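Down below is the structure, laid out as structure tokens.
All values below come from the heavy atoms of this structure, side chains included, with hydrogens, waters and symmetry mates left out. Everything numeric in this text was worked out from a predicted model, so none of it was measured. Each chain gets a letter, A, B and so on, in the order the sequences are listed, and its residues count up from 1.
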Amino acid sequence: MAQKPSVPKGTRDFSPGEMLRRNYIFEVIKKTFLKYGYLPIETPAMENLSTLLGKYGEEGDRLLFKILNSGDFLKKTRAEDFKDISKLSMKIAEKGLRYDLTVPFARFVVQNQHAINFPFKRYQIQPVWRADKPQKGRYREFYQCDVDVIGSDSLLNEVELILIIDDVFRELGVQSIVKINNRKILTGIAEVVGEPGKITEITVAIDKMEKIGFDEVIKELSIRGLSANAIEKLKPILTLEGKLKEIFPKLMEILDDSEIGKQGIQETMTVMRHLKDLNINAKFILDLTLARGLDYYTGAIIEVTAKDHEIGSICGGGRYDNLTGIFGLPDVSGVGISFGADRIYDVMLALDLFPEDLQSSTQVMFVNFGEKEAKYCLSLVQKLRQAGISTELFPDAVKMKKQMTYANKNNIPYVVLIGSSEMESNKLTVKLMHTGDQKEIGIDELIEAINGKTIS
RNA sequence: GUGCGAGUAGCUCAGUUGGUUAGAGCACUGGAUUGUGGUUCCAGGGGUCGUGGGUUCAAGUCCCAUUUCGCACCCCA
């Protein structure tokens, strides 16, 4: 047997049917981004590894796809390099596939700072790659749809991004839950419990609250090296419940000794207050257990899940105060979110939310009866196309059954038959595929009927 | 990186305590219907049973190794 072809692990082909639905999602997202005044950019699939490494935490570095240098990639290595994998990989790979769109964007901003008009609002819809083990809702190649504002500290940007989230999911028909938190609150909590150096440990543990529950989180905190004293102080924070009006004052009290913590609460309250006055469809909630793994977030953090389908987050983001600083442009704050198109697709498919009429593009197919007939059809086909009706002529004069089957499978609603008698009468026979009826009419009549929708 | 499960026709899968020529549905091709699809009926093609080794008179079935894929953990869109 010939070698069975396949695609690399975690990557997928998309059939025409899938592409029509995917494009529908991309179009809704893109249209919304444009409506809010964001401009498109694109960056290369690959970046220098120096651009990518160290931006996503230890786990992120591990999940980067590295590209082997072309030619003799061992040229620069020495025997002792082979003892240390990370040293070796630096010598044999200088490029990597992008892991997200935010870091390449930061690089783009730094490189093009003189040409950019700040605050810069950009959107970017491109695939990213992660060397993760694939599983449900997780792919090694997937699309992110990013919107970011860079060069503005205003919390109005946070509000705007949440409005975009609401807009997109409202139009797609996905019931969404927007969770909001702030890294400064988490930093404040770490300070108040007396473990300012253990922010990562604390956030990673409490991030699992929903999944593993209160008791397990406490256990995990202890495993991660938090003192019993600190854990006791943390407990009342983790169990905070009730309405926002009640939570905020309580939090203020708890974080009274932490300037940064109080600032985080202020920011979150401001955003929430704005949102409250707007007509928002999505449920938005303050979730103190929301942490998000990416290292570069410094302020607001946002994560969106689908209410009716468990698949992880379908959109996420936050504010980063100094991402461009790493590339030599300090004090430029940005905030952005990223829609996960592939997961949104999975949610919409599972909940059957795609519109029905995304099917075929061809409206009319001409049957091919032979060389003479096909030649006669060509000008008529062009006439239909010029009238804006997407039309095709079957390329081969094969059996009619075959041609009809083709039209049927592609959901082509009208089939035109022109044989010798039609050529003589200067008319055409059109078959309406959903009813099976057929009638003999002229070409102009057909165009008028289709464009006027008086035929069905 | 850790754990669990599965690889049989193009696809989805069945295959009994090991026992003739490995089956079904869908898809494909031809016919009923030479200018008529979607429904129906008839016929046909298509398999080194993931790969390598072992046990046995006999292996799709049991054992070992290997590989690929899926699921969960970690982390994430």
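- Taking atom C1' on both nucleotides, B:rG7 is separated from B:rG47 by 14 Å, rounded to a whole Å.
- Rounded to whole Å, atom P of B:rC69 lies 8 Å from atom CZ of A:Arg140.
- Between A:Asp437 atom CG and B:rG37 atom P there is a gap of 15 Å when expressed in whole angstrom units.
- Within the shown strands, B:rG10 is the pairing partner of B:rC26 under the Watson-Crick or G-U definition, both distances less than 3.5 Å.
- Remark: B:rC41 base-pairs with B:rG31. Criterion, Watson-Crick or G-U wobble with two distances under 3.5 Å.
- Cation-pi geometry between A:Arg22 and A:Phe14 is met: under 6.0 angstrom from the ring centre, within 45 degrees of the axis.
- Using atom P as the reference point in both B:rC57 and B:rG1, the two lie 43 Å apart (nearest Å).
- A:Asp148 and A:Tyr320 share a donor-acceptor pair across their side chains, judged by distance under 3.5 Å alone.
- No N or O donor and acceptor, one from the side chain of A:Gln403 and one from the base of B:rU36, sit under 3.5 Å apart.
- Pair check for B:rG3 finds B:rC71; Watson-Crick or G-U wobble, both atom distances under 3.5 Å.
- Candidate nucleotides B:rC75, B:rA72, B:rG70 were compared by shortest atom distance to the side chain of A:Pro134, and B:rG70 ranks first.
- Across all strands shown, nothing is found opposite B:rG47 as a Watson-Crick or G-U wobble partner with both distances under 3.5 Å.
- B:rU20 is unpaired under the criterion used here, namely a Watson-Crick or G-U wobble arrangement in which both key atom distances are under 3.5 Å.
- Here the P atom of nucleotide B:rA77 and the CZ atom of A:Arg138 are 10 Å apart, to the nearest Å.
- By the stacking rule of 5.5 Å between ring centres and under 30° between planes, A:Phe142 stacks on the base of B:rA77.
- With hydrogens and angles left out, the side chain of A:Glu373 and the base of B:rG35 share no donor-acceptor pair within 3.5 Å.
- Distance alone, capped at 3.5 Å, places no donor-acceptor pair between the A:Asp287 side chain and the A:Ile180 backbone.
- Of the candidates B:rC28, B:rU36, B:rA77, the closest approach to any side-chain atom of A:Arg130 belongs to B:rA77.
- Sequence order on RNA chain B of the closest nucleotides to A:Ile311 and A:Gly436 puts A:Gly436 first from the 5' end.
- Across A:Tyr143, A:Phe169, A:Phe142, a single residue satisfies ring pair (Phe, Tyr, Trp, His ring centres under 6.0 Å) together with A:Phe339, and that is A:Phe169.
- Side-chain atoms of A:Glu422 lie closest to B:rG35 of the nucleotides B:rA77, B:rG37, B:rG35.
- Put simply, A:Lys9 has a side-chain N or O that comes within less than 4.0 Å of OP1 or OP2 on B:rC69.
- You'll find a donor-acceptor pair under 3.5 Å spanning the side chain of A:Lys431 and the base of B:rG37, going by distance alone.
- Nucleotides B:rG45 and B:rG5 are separated by 40 Å at their P atoms, to the nearest Å.
- Closest to the A:Asn408 side chain, of the nucleotides B:rG38, B:rU36, B:rA77, is B:rG38.
- Between A:Tyr123 and A:Phe33, a ring centre-to-centre spacing shorter than 6.0 Å is recorded.
- As judged by a 4.0 angstrom heavy-atom cut-off over every strand, A:Phe339 is placed among residues making no nucleic acid contact.
- Pair assignment for B:rC76 gives none, since no Watson-Crick or G-U wobble pairing has each distance under 3.5 Å.
- Considering only the side chain of A:Lys399, B:rG35 comes nearest among B:rG70, B:rG35, B:rC74.
- Taking the six-membered ring where the residue is Trp, A:Tyr56 and A:Tyr296 present perpendicular rings, their angle passing 60° and hence far from 30°.
- Comparing A:Gly10 and A:Phe369 along RNA chain B, the residue whose closest nucleotide (by nearest heavy atom) sits nearer the 5' end is A:Phe369.
- In this structure, A:Gln135 reaches the B:rA72 phosphate: one of its side-chain N or O atoms is under 4.0 Å from OP1 or OP2.
- As judged by a 4.0 angstrom heavy-atom cut-off over every strand, A:Leu417 is placed among the base-contacting residues.
- If you take atom C1' in B:rC74 and the same atom in B:rU2, they sit 9 Å apart, rounded to whole Å.
- Rounded to the nearest Å, the gap between the P atom of B:rC73 and that of B:rU29 is 44 Å.
- Base-pair partner of B:rC62: B:rG54 (Watson-Crick or G-U wobble, both distances under 3.5 Å).
- Nearest nucleotide to the side chain of A:Lys136, out of B:rA77, B:rA72, B:rG37: B:rA72.
- Nucleotides B:rU33 and B:rC42, compared at atom C1', are 13 Å apart to the nearest Å.
- Two rings, from A:Tyr406 and A:Phe394, have their centers less than 6.0 Å apart.
- Separating the C1' atom of B:rG44 from that of B:rU39 is a span of 22 Å, rounded to the nearest Å.
- With both pairing distances under 3.5 Å, B:rU36 is matched to nothing as a Watson-Crick or G-U wobble pair.
- Relative to the side chain of A:Thr429, the nucleotides B:rC73, B:rG35, B:rG37 differ in distance, and B:rG35 lies closest.
- Checking A:Tyr36 against A:Asp167 by side-chain atom types alone, a donor-acceptor pair falls below 3.5 Å.
- Nearest nucleotide to the side chain of A:Lys401, out of B:rG37, B:rG70, B:rC28: B:rG37.
- Within the 4.0 angstrom heavy-atom criterion, no nucleotide atom of any strand lies near A:Gly312.
- Across B:rA32 and B:rC71, the matching P atoms stand 47 Å from one another, rounded to whole Å.
- With hydrogens and angles left out, the side chain of A:Lys402 and the base of B:rU29 share no donor-acceptor pair within 3.5 Å.
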